[in-house]
A.B. asks: 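What follows is a structure written as structure tokens; I'll ask about it next.
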Amino acid sequence: MYDLHILLFFGVTWIQVHDTGVKQLFLKYPTQNQILICCDGASKVTPGLEGIGFIARNQYRDYMGAASGGLGIATKYLSEVMALIVAGEWAITKQLVDVCFSLDSKAVMLDFMNNKVPWIVVNRWIKMCIPAISFRDSYREVNFSADTVAKRGVLLSRGQVQYYEEKPTWLGDLENEDALYFR
């Protein structure tokens, strides 16, 4: 009651309360003949040492490839952008024609969907000759494999990218469409 009297004395009539709730999340695999590439950026501090990573899977749940890369000192936004660019360039080398990029950064996804590509990567994005590109927003809890690969990139030097044709043993279990994830 003492706290209530103080609040009323200073004219504070209400306090906004944020309810925390648990959301169920699901992973959807790509459609027929489409490749899902989950991209992510990671950092120790922002701005600070940044890393990028992606993991690619097909509609049959098969692992197709992954990469980790180091950016040096950058921002979180730039690491998310570079993860998308490096993943797109990898898709071109594999001659993929239908790619769905899954990102946990809504800002980056909306920028690329609306052709507001950051000037620093516009030349690399224009060279992307993938006939069908789509984007998917995902929560970090359903994008944990890409997050793990990106955290490896933080340890790499600037400009160094490691590609993994076989699934690395340190990657562990991948996301599963039949599993429930919670936020």
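In this chain, numbering begins with 1 at the start of the sequence shown. Just the heavy atoms: all of them, side chains too, but no hydrogens, waters or symmetry mates, feed the values below.
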A.B. asks: Do Leu155 and Met82 share a hydrophobic cluster (ILVMFWY, side-chain heavy atoms under 4.5 Å, transitive)?
C.D. replies: no

A.B. asks: On a heavy-atom basis, which atom in Val117 and which in Val122 lie closest, and how many Å separate them?
C.D. replies: CG1-CA, 4.0 Å

A.B. asks: Nearest heavy-atom pair of Leu36 and Ser102: which atoms, and what distance?
C.D. replies: CD1-CB, 3.8 Å

A.B. asks: When rounded to the nearest 0.5 angstrom, what distance separates CE in Met113 from CD1 in Ile133?
C.D. replies: 12.0 Å

A.B. asks: Contact between Glu89 and Arg124 at the side-chain level, heavy atoms closer than 4.5 Å - yes or no?
C.D. replies: yes

A.B. asks: Rounded to the nearest 0.5 Å, what separates atom OG in Ser43 from atom NZ in Lys151?
C.D. replies: 10.0 Å

A.B. asks: Can you find a pair of side-chain heavy atoms, one from Val99 and one from Phe135, that are under 4.5 Å apart?
C.D. replies: no

A.B. asks: Search all heavy atoms of Ser134 against all heavy atoms of Gln34 and return the closest pair with its distance.
C.D. replies: OG-NE2, 3.4 Å

A.B. asks: Between Glu166 and Tyr164, do the side chains contain an N or O donor and an N or O acceptor separated by less than 3.5 Å?
C.D. replies: no

A.B. asks: Decide, yes or no, whether a salt bridge links Lys106 with Glu80 under the criterion of side-chain N to carboxylate O below 4.0 Å.
C.D. replies: no

A.B. asks: Please determine, by modelled atom types, if Ser79 and Glu50 share a side-chain donor-acceptor pair under 3.5 angstrom.
C.D. replies: yes

A.B. asks: Treat each ILVMFWY residue as a node, draw an edge where side-chain heavy atoms are under 4.5 Å apart, and state whether Leu110 and Phe101 are in one component.
C.D. replies: no

A.B. asks: Nearest 0.5 Å please: distance from the CD atom of Gln95 over to the SG atom of Cys129.
C.D. replies: 9.5 Å

A.B. asks: If you look at every heavy atom in Ala56 and Ile35, which pair is closest and at what distance?
C.D. replies: CB-CG2, 4.2 Å

A.B. asks: Is any side-chain heavy atom of Asn33 closer than 4.5 Å to a side-chain heavy atom of Asp98?
C.D. replies: no

A.B. asks: Are Ile37 and Trp90 packed together at the side-chain level, in the sense that at least one heavy-atom pair is separated by less than 4.5 angstrom?
C.D. replies: yes

A.B. asks: Ile55 versus Leu171: any side-chain heavy-atom pair under 4.5 Å?
C.D. replies: yes

A.B. asks: Taking Leu78's backbone N and O only, do any of them form a donor-acceptor pair with Thr75's side chain (distance below 3.5 Å, no angle check)?
C.D. replies: yes

A.B. asks: Is there a continuous path of hydrophobic side-chain contacts, each under 4.5 Å between heavy atoms, that joins Leu156 to Ile52?
C.D. replies: no

A.B. asks: So, do Val149 and Phe54 sit near enough that their side-chain heavy atoms are less than 4.5 Å apart?
C.D. replies: no

A.B. asks: Determine whether more than 12 heavy atoms belonging to other residues, nucleotides or ligands lie under 6.0 Å from atom NZ of Lys76.
C.D. replies: yes

A.B. asks: Ignoring hydrogens, what is the shortest heavy-atom contact between Arg152 and Ser68? Give both atom names and the distance.
C.D. replies: CB-OG, 3.6 Å

A.B. asks: Please determine whether residues Val97 and Leu84 belong to a single hydrophobic cluster, defined as Ile, Leu, Val, Met, Phe, Trp and Tyr linked transitively by side-chain heavy-atom distances below 4.5 Å.
C.D. replies: no

A.B. asks: Taking the side chain as C-beta and beyond, is there a heavy-atom pair between Asp104 and Asp40 under 4.5 Å?
C.D. replies: yes

A.B. asks: Just by distance, do the side chain of Asn58 and the backbone of Tyr60 share a donor-acceptor pair under 3.5 Å?
C.D. replies: yes

A.B. asks: Hey, quick one: are Val154 and Trp170 part of the same hydrophobic cluster, counting side-chain heavy atoms closer than 4.5 Å, chains of contacts allowed?
C.D. replies: no

